[in-house]
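See below for the structure under consideration.
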Protein chains: 2
Amino acid sequence: MTKAHGFHQHDHAACISDALTKAEAYCAARKLQFTPVRRRTLEVLLAHHRSMGAYEVLSHLDASGFGAQPPVAYRALDFLVKHGFAHKVEAMNAYVACSHPGAQHVPAFLICRQCSTVQEAQIEPMQNGLGDAAQDAGFAIERAVVEAQGLCPLCQQSAPE
Amino acid sequence: MTKAHGFHQHDHAACISDALTKAEAYCAARKLQFTPVRRRTLEVLLAHHRSMGAYEVLSHLDASGFGAQPPVAYRALDFLVKHGFAHKVEAMNAYVACSHPGAQHVPAFLICRQCSTVQEAQIEPMQNGLGDAAQDAGFAIERAVVEAQGLCPLCQQSAPE
DNA sequence: ATTTATATGTAATGATATAACATATCAAGC
DNA sequence: GCTTGATATGTTATATCATTACATATAAAT
């Protein structure tokens, strides 16, 4: 079975189990607790393969027998983001599973304003002119995100304006 | 009188009146209505010279005799953002006056996680690797933001960790 | 086994943002 | 100037996103 990944198709089941296995290994290596809620949260993000609001994630967790209150989702999502398994799409107040787990990278998103699909793009860390600006200002960058909004290939056809 | 602009000092009064004059001229040229609320909203952002939440802006508008309900602030802010007089800092759900009004640019922000000061940096449009990624994906970028979080020069001293 | 740190569950609340609709003001054509 | 249509403002209500605080449970370290 294939499913849209960003604007492409791919083998969805393999992609999910692969990401879960990697997360498991990463956590084991660093003695991080990849607990049931955290695992389920990552599964939910991976299965949907699009950005999801915290409350949408929460409803799945609730349905899976975990707590039904917001902190349940926010804490799990924070964990995933902190360790690079997911990203927060700031422009949408939403979350996506990371498409390049393990890789040290500056996440960059292409966000379709029409269908809300988010594709994560790879960009070179610090090759974006921002590093220079930061250095000039004496600013120590800890984290950076790049977010582009526009129209995805599909929506360009249906909304050619 | 000088006041912090990003992490530097500058002539604050001149900077404000300059930005207002530019906005006025821009609107006049395009028959946009630079109404009292919109003007006051820009004044408020310029005067504070840091990112402000919509409700903080709203309280100033209220105090100035405008409406006290959220849409009053959100509409004025949307106008300013739409026409490039201000930017939304997505990672903070906050707004700042644009530091380079008139210039066609991709706004980039250096956001201090400790003191919340935001400095707008100049980066070259599309020289950030994102353009290539978008082209590959067939994605039409309409708007992009770059946001970096970290520690500003001052806070690096007080929080050397 | 005890202690300490970490994680989860839940209630309450805070912060951010929009929808919907009434009224007012502006801008253009007559 | 007056009418008309578009744009802007004011207000109520509500939707959406996120955190604080505290109790309980589980894991890890000695």
Side-chain angles (χ1 to χ4, degrees), chain A residues 23-24 27-42 44-45 51-83 85-96 111 113 116 118 147 149, chain B residues 23-24 27-42 44-45 51-83 85-96 113 116 147 149:
Chain A
E24 224 162 60
C27 289
R30 314 197 176 205
K31 300 202 194 303
L32 298 170
Q33 301 184 47
F34 195 50
T35 62
V37 220
R38 291 169 176 176
R39 184 193 180 88
R40 183 82 192 100
T41 303
L42 182 54
V44 167
L45 289 178
S51 67
M52 300 177 74
Y55 278 70
E56 190 184 358
V57 170
L58 178 59
S59 78
H60 286 275
L61 295 177
D62 184 15
S64 303
F66 297 100
Q69 305 307 318
V72 171
Y74 282 103
R75 287 194 286 230
L77 289 166
D78 285 349
F79 173 87
L80 297 177
V81 168
K82 181 174 179 186
H83 298 292
F85 306 132
H87 299 294
K88 180 169 189 185
V89 184
E90 299 286 358
M92 305 182 77
N93 294 317
Y95 301 82
V96 258
I111 306 163
R113 70 163 150 82
S116 296
V118 174
E147 303 191 358
Q149 294 179 267
Chain B
E24 224 162 59
C27 289
R30 317 197 177 205
K31 301 203 194 301
L32 298 171
Q33 301 184 45
F34 195 50
T35 62
V37 220
R38 291 168 176 177
R39 184 192 179 87
R40 183 79 192 103
T41 303
L42 182 53
V44 167
L45 289 179
S51 67
M52 300 177 75
Y55 279 70
E56 189 183 359
V57 170
L58 178 59
S59 77
H60 286 274
L61 295 177
D62 184 15
S64 302
F66 298 98
Q69 305 307 318
V72 171
Y74 281 104
R75 287 194 285 231
L77 289 167
D78 285 349
F79 173 87
L80 297 178
V81 168
K82 181 175 179 184
H83 298 292
F85 306 132
H87 299 296
K88 180 169 188 187
V89 184
E90 299 286 358
M92 304 183 79
N93 295 318
Y95 300 82
V96 257
R113 71 163 149 84
S116 297
E147 304 191 356
Q149 295 179 268

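Quick note on labels: first sequence line is chain A, next is B, and so on, each numbered from 1. Predicted model only: the values in this text are computed from it and were never measured.
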Self-check item: Nearest-Å distance for atom pair OH/P, residues A:Tyr55 and D:dA15
Solution: 14 Å

Exercise. Using atom CD of B:Glu56 as one end and atom P of C:dA15 as the other, report the distance to the nearest whole Å.
Key: 12 Å

Quiz prompt | Closest non-hydrogen atom pair, B:Ala91 against A:Glu90 | solution = CA-OE1, 3.5 Å

Quiz item: Of the non-hydrogen atoms in A:Val37 and A:Leu61, which two are nearest, and what is the gap between them?
Solution: O-CD2, 4.2 Å

Exercise. Measure from the side-chain heavy atoms of A:Gln33 and tell me the nearest of D:dA28, C:dG9, D:dT19.
Key: D:dA28

Exercise. Between A:Gly53 and B:Ala68, name the one whose nearest nucleotide on DNA chain D is closer to the 5' end.
Key: B:Ala68

Quiz item: Looking at the side chain of B:Pro71, which of D:dT12, D:dG10, D:dT19 is the nearest nucleotide?
Solution: D:dT12

Quiz item: In terms of side-chain heavy atoms of B:Gln69, which of C:dA11, D:dT12, C:dA17 is nearest?
Solution: D:dT12

Quiz item: For A:Ser51 and A:Ser116, which heavy atoms make the closest approach, and how far apart are they?
Solution: OG-O, 3.9 Å

Exercise. For the side chain of B:Thr35, starting at C-beta, report the closest nucleotide among D:dA8, D:dA18, C:dA17.
Key: D:dA8

Quiz prompt | Euclidean distance, atom CE of residue A:Met92 to atom P of D:dC17 [Å, nearest integer] | solution = 10 Å

Exercise. Compare the minimum distances between each of D:dT11, C:dA17, D:dA8 and the side chain of B:Val72, then state the nucleotide with the smallest one.
Key: D:dT11

Quiz item: Atom CG of A:Leu58 to atom P of C:dT10: distance rounded to whole Å?
Solution: 11 Å

Quiz item: Could you give the CZ-to-C1' distance, from A:Arg39 to C:dT8, as a whole number of Å?
Solution: 18 Å

Exercise. When you get a sec, tell me which of C:dA7, C:dT18, D:dT19 is the closest nucleotide to the side chain of B:Tyr74?
Key: C:dT18

Quiz item: Of all the nucleotides listed (D:dT9, C:dT10, C:dA17), which has the minimum atom distance to the side chain of B:Arg75?
Solution: D:dT9

